[in-house]
Undergrad: 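My structure is below; once you've seen it, I'll send some questions.
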Amino acid sequence: MPMPQLSRSLISGFFQSLSRAPASAALELGDLSLSYEQLWNYAGRITACLKDVLDPSETVVAVLGDRSVAAYGGILGVLGAGRGYVPLNPKFPVERTLVMLQASGCRTVVVGKECAATLESLLPRLQKPLTLILADPGWRPQASVLPIHRVIPGENLSKTSSPCEPDVKAEDTAYLLFTSGSTGIPKGVAVSQSNVVAYMEYAARRFGIHGGDRCSQNFDLTFDLSVHDLFTCWDAGATLCPYSAQTLTPAALVDELGLTVWFSVPSVAMFASKLGLLQPGAFRTLRWSLFCGEALSASLAEAWQQAANNSILENLYGPTEATIAITWYRWNSATSPAECVRGLVPIGWPFDGQQVCAVDENLAPVPHGESGELCLGGSQVTRGYLNDPEKTARSFVRLKHTGEQIWYRTGDLVRQDERGCLYYLGRRDFQVKVNGYRVELQEIDLVLREAARTELAVAIPWPLSDGSASGIVGVLYGSDPAQDAAIIAACESRLPRYMVPNRIYHFPQIPLNVNGKIDRAKIAEMLTSPEL
Ligand code: AMP
C-alpha cells in the first residue's frame with residue numbers, strides 16, 4: 001500500500017511555536033524556566049552534533065535521561081536530526097536497558113548527567129562501542145572501558161542547528177518503545193511519523209490546547225502517553241510542567257503550578273484521593289482532566305470531577321501499538337453513572353478516522369451487546385513488533401469481513417452498544433496494569449521461577465482496588481522462606497521496580513484449573529484470607 005504524504009512531522013509543531021512566540025515558556029522544571037528559544041538553543045546543539053556523527057543507517061537514537069533538560073532536549077534534538085528516539089529510563093535495571101539498547105540497534109546515545117551511575121554500570125556490559133553524547137557540559141562517566149567508546153562531551157556541543165523541518169518520510173520511526181513481553185523479552189513497538197502525526201492532528205482539534213495552557217507531564221518518557229504530554233503542549237506553544245520526583249504525588253502540584261491540562265493514569269488520581277486531595281473545587285485551574293492507561297472507576301471519575309469542577313473530564317483508551325489513545329468518553333456527572341458497567345467508565349467512541357471492531361475467536365464481528373476482543377484499525381495502528389514476525393502475525397491480523405486492512409488485536413474484551421459506545425470488560429490474557437504500567441505476568445513468572453529455582457512460582461497482581469493493581473506479589477510452593485530476600489533481590493536486578501514482587505507468599509499447594517494450569521484467580525481469592 002503506498003504511504004500517504006506527510007503533512008508535518010512530530011517536531012513541526014514545536015518549530016512553529018518557536019517561530020510564533022520564541023520567548024514563551026516551553027518547559028518549567030522546578031525553578032528553571034526555558035523559553036522555546038532557549039530550549040531549542042540546547043536541543044539544536046544535539047541536532048547539529050547528531051547530523052555530524054550519525055551514519056545514514058542509524059535511524060534511531062537512544063535518549064537516557066529522566067525529567068531533565070537533557071532528556072527533553074535530547075528528544076527534540078533526535079527528532080530535529082530526522083531520527084526516531086528510543087527513551088531509556090535510568091531507574092530501570094541495567095540488564096533491561098541493555099536488552100532494549102541491543103534490540104533497538106541504537107549505536108548512539110544522548111545521556112543526561114543524572115544518568116552517570118547507570119551509564120557507568122552499563123558501559124562495561126556493552127558488547128559493541130557506542131557514540132555517547134554527553135548532553136550536559138562538565139561531566140564524564142567513570143569507567144575503565146570508556147576509551148573504547150566515542151565520547152562527545154557537552155562542552156564540545158558548540159555548533160547549533162537552525163530549526164528546520166527534518167527530511168522524514170511517513171514510515172520513518174518517530175519513537176521506539178518497549179512494552180512488557182510474556183516470553184521474558186520486552187516487545188519493541190516502532191511508531192511511525194504518520195502514526196503519531198495522525199494522533200497529533202486529531203488531538204489538536206479535540207483538545208484545542210493553546211499558548212496560555214500549562215500542561216502536566218506525569219508520564220515516564222518510556223510510556224507512550226508522555227508523547228501526548230510533550231507534543232500536544234509544544235504544538236500549541238504552551239508550557240510543559242513536569243512534576244518533580246520529590247513530590248509525593250503530582251496531583252498535589254495542580255494548584256501550585258497552576259496547571260490547566262491534566263493527564264495521568266487513574267492510579268495517580270486514586271493515590272490523590274487516598275491522600276484526601278480530591279476536595280471539591282481543589283483543582284479549579286484545570287480545564288481538561290484526561291485519564292488513560294487503565295480502567296477508570298465511576299467513583300474516582302466523579303470525585304475528580306468535583307475537585308476539578310471547571311474541567312472537562314475524559315476517559316481515553318489505547319495501547320502503545322495504536323499510538324497513545326484511540327477512543328474517548330466524556331464524563332457527565334448527571335448521565336454517566338448510569339452508563340457505567342461494573343462501576344467502570346466506558347471507553348466510548350473511536351477518534352475520527354480510526355476504526356474499532358469487537359470480534360470472536362474466529363475474528364468474525366460479534367453482534368452489538370455481546371462481548372468480543374477489541375480490534376483497532378486506521379492510521380494510528382503501527383506495523384507490528386520490532387524484529388518479531390511471529391508475534392506480529394499473531395497480533396496484527398486481517399479480519400474476515402474487511403479484506404486487506406490490518407487490525408491490531410488488543411487482547412481487551414469489550415461490549416459495544418447500539419450507539420457504538422464501547423465498554424471495557426477486562427483482558428483475555430495475563431496482561432495487567434500495575435499502577436498504570438503494562439505488565440505481562442508471565443514475564444515476572446519467568447524471572448521468579450529462575451530466582452526461586454522452582455516451576456511452581458507465580459506472580460499475582462496484588463492488592464487490587466477498583467479493578468486495578470497497586471503491586472505484585474510472588475506465590476511459591478515448595479521453597480524455603482529464608483530465600484525470600486534473595487529472590488526479591490534477583491527480581492530487582494532484572495525487572496523495573498513496578499514489576500518486582502513486594503512480598504513472597506508460600507502456599508502448601510498451588511491451585512490448578514481444569515486444564516492443569518496454575519489458577520491465578522483462585523490464588524488471588526486465597527490472598528484475601530484473613531489468616532495470611
Ligand atoms: P499501554 O500499551 O501501556 O498503553 O497499555 C494498553 C492497555 O492498557 C490496553 O490494551 C488496555 O488493556 C489498558 N487500557 C488503556 N486505557 C484504558 C482505559 N481507559 N480503560 C481500560 N483499560 C485501558
Side-chain angles (χ1 to χ4, degrees), residues 87 89 175-182 186-191 195-196 199 218-229 263-270 289-298 300-301 304 313-331 336 339-351 354 356 358 372-376 380-382 385 391 395-396 407-415 421-441 443 461 464 466-469 496 498-499:
N89 185 335
Y175 57 91
L176 169 61
L177 301 182
F178 289 86
T179 73
S180 172
S182 56
K187 291 186 285 197
V189 182
V191 176
N195 293 144
V196 72
Y199 179 86
N218 295 323
F219 291 105
D220 194 284
L221 297 173
T222 53
F223 198 174
D224 74 334
L225 300 177
S226 68
V227 179
H228 168 110
D229 288 346
F263 191 27
S264 78
V265 286
S267 291
V268 174
M270 175 66 80
S289 296
L290 304 176
F291 293 99
C292 188
E294 61 186 340
L296 173 65
S297 76
L300 189 60
W304 186 281
L313 188 153
E314 287 193 345
N315 181 27
L316 306 180
Y317 158 91
T320 307
E321 290 86 339
T323 314
I324 308 174
I326 196 163
T327 75
W328 64 275
Y329 176 88
R330 185 168 292 188
W331 181 254
S336 294
E339 293 188 339
C340 293
V341 173
R342 299 185 198 159
L344 297 182
V345 179
I347 56 172
W349 287 269
F351 290 177
Q354 310 301 323
V356 294
E373 181 180 359
L374 180 60
C375 292
L376 303 170
Q380 287 182 209
V381 175
T382 57
Y385 297 113
K391 274 201 196 103
S395 296
F396 292 79
W407 295 78
Y408 170 63
R409 292 182 73 167
T410 60
D412 290 317
L413 296 173
V414 294
R415 181 165 75 65
C421 181
L422 292 160
Y423 300 83
Y424 178 77
L425 305 176
R427 295 282 310 171
R428 57 180 276 276
D429 56 14
F430 299 118
Q431 183 182 301
V432 294
K433 285 293 178 120
V434 178
N435 287 327
Y437 290 98
R438 174 164 159 181
V439 169
E440 296 280 356
L441 291 173
E443 184 175 358
L464 292 170
D466 270 341
S468 84
Y498 57 85
M499 291 172 80

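Both counts, for ligands and for their atoms, begin at 1 and track the order of listing.
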Undergrad: Glu314: which residues meet the side chain to side chain contact (heavy atoms under 4.5 Å, CB included) condition with it, sequence neighbours left out?
TA: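 Once residues adjacent in sequence are excluded, the partners of Glu314 under the side chain to side chain contact (heavy atoms under 4.5 Å, CB included) criterion are Arg206, Phe207, Trp288, Leu290, Ile312, Leu316, Trp328, Arg330.
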
Undergrad: List for me each residue that meets side chain to side chain contact (heavy atoms under 4.5 Å, CB included) alongside Thr222, sequence neighbours excluded, and say none if there are none.
TA: Pro87, Asn89, Phe92, Asp220

Undergrad: Could you please provide the protein residues found below 4.0 Å of ligand 1 on a heavy-atom basis, arranged by chain and number?
TA: Phe223, Gly293, Glu294, Ala295, Asn315, Leu316, Tyr317, Gly318, Pro319, Thr320, Ile347, Asp412, Tyr424, Arg427, Gln431, Lys433, Arg438

Undergrad: First locate atom CG of Asp229, then atom CZ of Phe263, and finally report the distance between them rounded to the nearest 0.5 Å.
TA: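 Separation between the atoms: 6.5 Å.
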
Undergrad: Spell out, as yes or no, whether a donor-acceptor pair under 3.5 Å connects the side chain of Gln380 to the backbone of Ala325.
TA: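 Side chain of Gln380 to backbone of Ala325, a donor-acceptor pair under 3.5 Å: yes, one is there.
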
Undergrad: Quick one: list whatever passes side chain to side chain contact (heavy atoms under 4.5 Å, CB included) with Ala269, sequence neighbours left out.
TA: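 Phe291, Leu300, Trp304.
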
Undergrad: Quick one: do Lys391 and Glu321 make a salt bridge, cutoff under 4.0 Å?
TA: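 A salt bridge is absent here (no side-chain N lies under 4.0 Å from a carboxylate O).
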
